[in-house]
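One structure is given here, and the rest of the page talks about it.
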Amino acid sequence: MGTLSRSAGGRKPNETMRLIVTTFVGVVFGFLIGVSFPTLSLTKLNLSSSLLPNVDLSYNEDQKSDISRQAILSAWSSTRSNNSSTKAQNSNGTARIWVPSNPRGAERLPPGILAAESDFYLRRLWGKPSEDLTIKPRYLVTFTVGLNQKKNIDAAVKKFSENFTILLFHYDGQTTEWDEFEWSKQAIHVSVRKQTKWWYAKRFLHPDIVAPYDYIFIWDEDLGVEHFNAEEYIKLVRKHGLEISQPGLEPNKGLTWQMTKRRGDREVHKETHEKPGWCTDPHLPPCAAFVEIMAPVFSRSAWRCVWHMIQNDLVHGWGLDFALRKCVEPAHEKIGVVDSQWIVHQTVPSLGNQGESENGKAPWQGVRERCRKEWTMFQMRVVNAENAYFKAIGVDPSNSTTH
């Protein structure tokens, strides 16, 4: 027994030393192995799909609220904070293109190939593309027309120079009948039956389509233009810094608002006096920051905002004139009426005749009723949207300056 105890006690110090040496060697070996490999990065780590869900970085409306996926994306982004390259890695290690700043849906394209904007310039089917255009019009004018007004439109179009692209929206389906006019052969024709100009504008005048044009005229078909010159109008708009404008209206024809009445003693006016109680603020519509929707003219930047405000299902545009001020700042200085280039509103009820008779009412009555309903609906949508925005950022809507 005594011999056994001494033998065990004699080996214990040796075993302890052996354990210490082994641990030290293991640590040193592990350290050497670690520093011999490059830094691990999630962008270069191939994980089995069974361990990590497939991360789709493309925008998906149905997955916006997927918190777990957003968490993965956040982790992914944090590991790439020092890498500003637009290239990512596929699972096989090959490079692919991913540019988050590209337009939605085009993230996989290199920026140099993107063509995000277009125009209404007519091009040939032959020759070099670079030689297609002898002139690039700087302005766009649109008319929403029926064949009954072709003589009036012919007179109007002749007031616009070759600097203008002419675009006709046909609400009666008749287009080839306009070919008697030489200018019609170079115009753009869009035909959809029984639609309004704001229906057309929302669908065919996207800001990226009309981006090449400095100014966009969106006009009715029943305008007399004997005293109007488009090039002179553009000069005055530039001179007075108008982002949204219209020609003055001849006082005795189709006048609804004092603001749009032509004044014979000046080039431009930006404010007026209305009936008592009509204007809560001299800088707000209809006393200022106001034009009607029959013959508005928009700068490129103003139209980009206005287009987004046009409601897809509200086709008559009623109430839009009171809201245009939300797209420029200060509105009472950048919205105005050009007096020295004026027009006559002939008030031809052609659009009303495109309606249908219901419950014994004339077609025009149904159209007018919808116009009034849309005005109320649009006003409510604007108010509700603004209130929701201010509440979301913790501001009392009653303290805002938007109303």
Side-chain angles (χ1 to χ4, degrees), residues 120 122 139-160 164-206 209-210 216-226 228 230 246-247 249 253-254 256 292-298 307 310-318 320-321 343-375:
F120 289 113
L122 299 180
Y139 318 112
L140 172 68
V141 57
T142 77
F143 295 96
T144 302
V145 304
L147 192 61
N148 290 338
Q149 292 295 315
K150 69 177 183 178
K151 290 184 178 180
N152 197 58
I153 293 298
D154 178 48
V157 167
K158 290 176 179 177
K159 292 290 185 173
F160 294 87
F164 289 80
T165 293
I166 308 299
L167 172 55
L168 299 188
F169 297 126
H170 299 269
Y171 60 75
D172 62 356
Q174 301 183 72
T175 57
T176 57
E177 293 82 355
W178 292 78
D179 284 348
E180 66 178 271
F181 305 119
E182 192 62 30
W183 57 261
S184 177
K185 299 174 184 178
Q186 298 300 314
I188 308 297
H189 297 265
V190 176
S191 177
V192 184
R193 293 178 181 272
K194 297 188 176 184
Q195 299 301 322
T196 71
K197 74 175 181 180
W198 299 109
W199 183 92
Y200 289 111
K202 187 64 175 178
R203 288 151 182 81
F204 298 101
L205 300 182
H206 187 280
I209 300 297
V210 301
I216 299 99
F217 293 60
I218 303 180
W219 281 20
D220 288 354
E221 63 180 340
D222 58 343
L223 304 176
V225 293
E226 181 181 355
F228 179 81
Q246 75 161 77
L249 294 178
K253 297 288 185 179
T256 302
E292 296 188 66
I293 59 174
M294 71 180 73
V297 179
F298 304 95
W307 184 89
I310 297 172
Q311 303 295 285
N312 198 56
D313 59 331
L314 306 184
V315 298
H316 289 290
W318 278 39
L320 188 63
D321 41 10
I343 59 176
V344 176
H345 188 203
Q346 299 166 342
T347 60
V348 176
S350 54
L351 186 61
N353 295 331
Q354 297 296 309
E356 293 185 3
S357 179
E358 291 183 348
N359 301 322
K361 296 180 180 179
W364 68 267
Q365 289 179 302
V367 172
R368 181 54 61 95
E369 287 179 1
R370 171 151 179 168
C371 288
R372 293 193 179 102
K373 290 178 182 178
E374 287 195 4
W375 191 351

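Along the sequence shown, residues are numbered consecutively beginning with 1.
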Where His345 and Asp222 come nearest, the two heavy atoms and their spacing | NE2-OD2, 3.2 Å
Using the test salt bridge (charged side-chain N to carboxylate O under 4.0 Å, His left out), find all partners of Asp220 that sit at least two apart in sequence or belong to another chain.
-> Lys197
Salt bridge (charged side-chain N to carboxylate O under 4.0 Å, His left out) against Arg372, all qualifying residues, sequence neighbours excluded | none
Quick one: list whatever passes ring-ring contact (aromatic ring centres under 6.0 Å, His included) with His189, sequence neighbours left out.
-> His170
With sequence neighbours excluded, what pairs up with Phe204 under the ring-ring contact (aromatic ring centres under 6.0 Å, His included) test?
-> none
Where Pro296 and Trp198 come nearest, the two heavy atoms and their spacing | CG-CH2, 4.1 Å
Between His316 and Ile293, what is the shortest heavy-atom contact and its length?
-> O-CD1, 3.7 Å
Does any N or O in the side chain of Glu221 come within less than 3.5 Å of the main-chain N or O of Gly146, such that one atom is a donor and the other an acceptor?
-> yes
For Tyr139, check ring-ring contact (aromatic ring centres under 6.0 Å, His included) against everything at least two apart and list the hits.
-> Phe164
Tell me, please, which residues at least two apart from Phe228 pass ring-ring contact (aromatic ring centres under 6.0 Å, His included).
-> Phe160, Trp219, Tyr233
Under 3.5 Å donor-acceptor, Asn312 side chain and Lys202 backbone = no
Can a salt bridge be assigned to the pair Glu374 and Arg370 using a cut-off of 4.0 Å between side-chain N and carboxylate O?
-> yes
Any donor-acceptor pair under 3.5 Å from Asn152 side chain to Leu223 backbone = yes
Taking all atoms of both residues into account, what is the closest heavy-atom pair of Ser191 and Thr175, and its distance?
-> CB-CG2, 3.6 Å
Please walk me through it: do Ile209 and Phe120 pass side-chain contact (heavy atoms from CB on, under 4.5 Å)?
-> CA-CA 8 Å; Ile209 300 297; Phe120 289 113; 3.7 Å; yes
When you check the gap from the basic side-chain N to the acidic O, do Lys150 and Asp154 get nearer than 4.0 Å?
-> no
Does atom CD of Glu182 have more than 12 heavy-atom neighbours from other groups under 6.0 Å away?
-> no
With no hydrogens and no angle check, is any side-chain donor or acceptor of Gln246 less than 3.5 Å from a backbone partner on Met294?
-> no
Is there a donor-acceptor pair under 3.5 Å between the side chain of Arg193 and the backbone N or O of Asp172?
-> yes
What is the minimum heavy-atom distance between Pro247 and Ala295, and which atoms define it?
-> CD-O, 3.6 Å
Taking every heavy atom of Ile218 against every heavy atom of Thr142, the minimum-distance pair comes out as CA-OG1, 3.4 Å
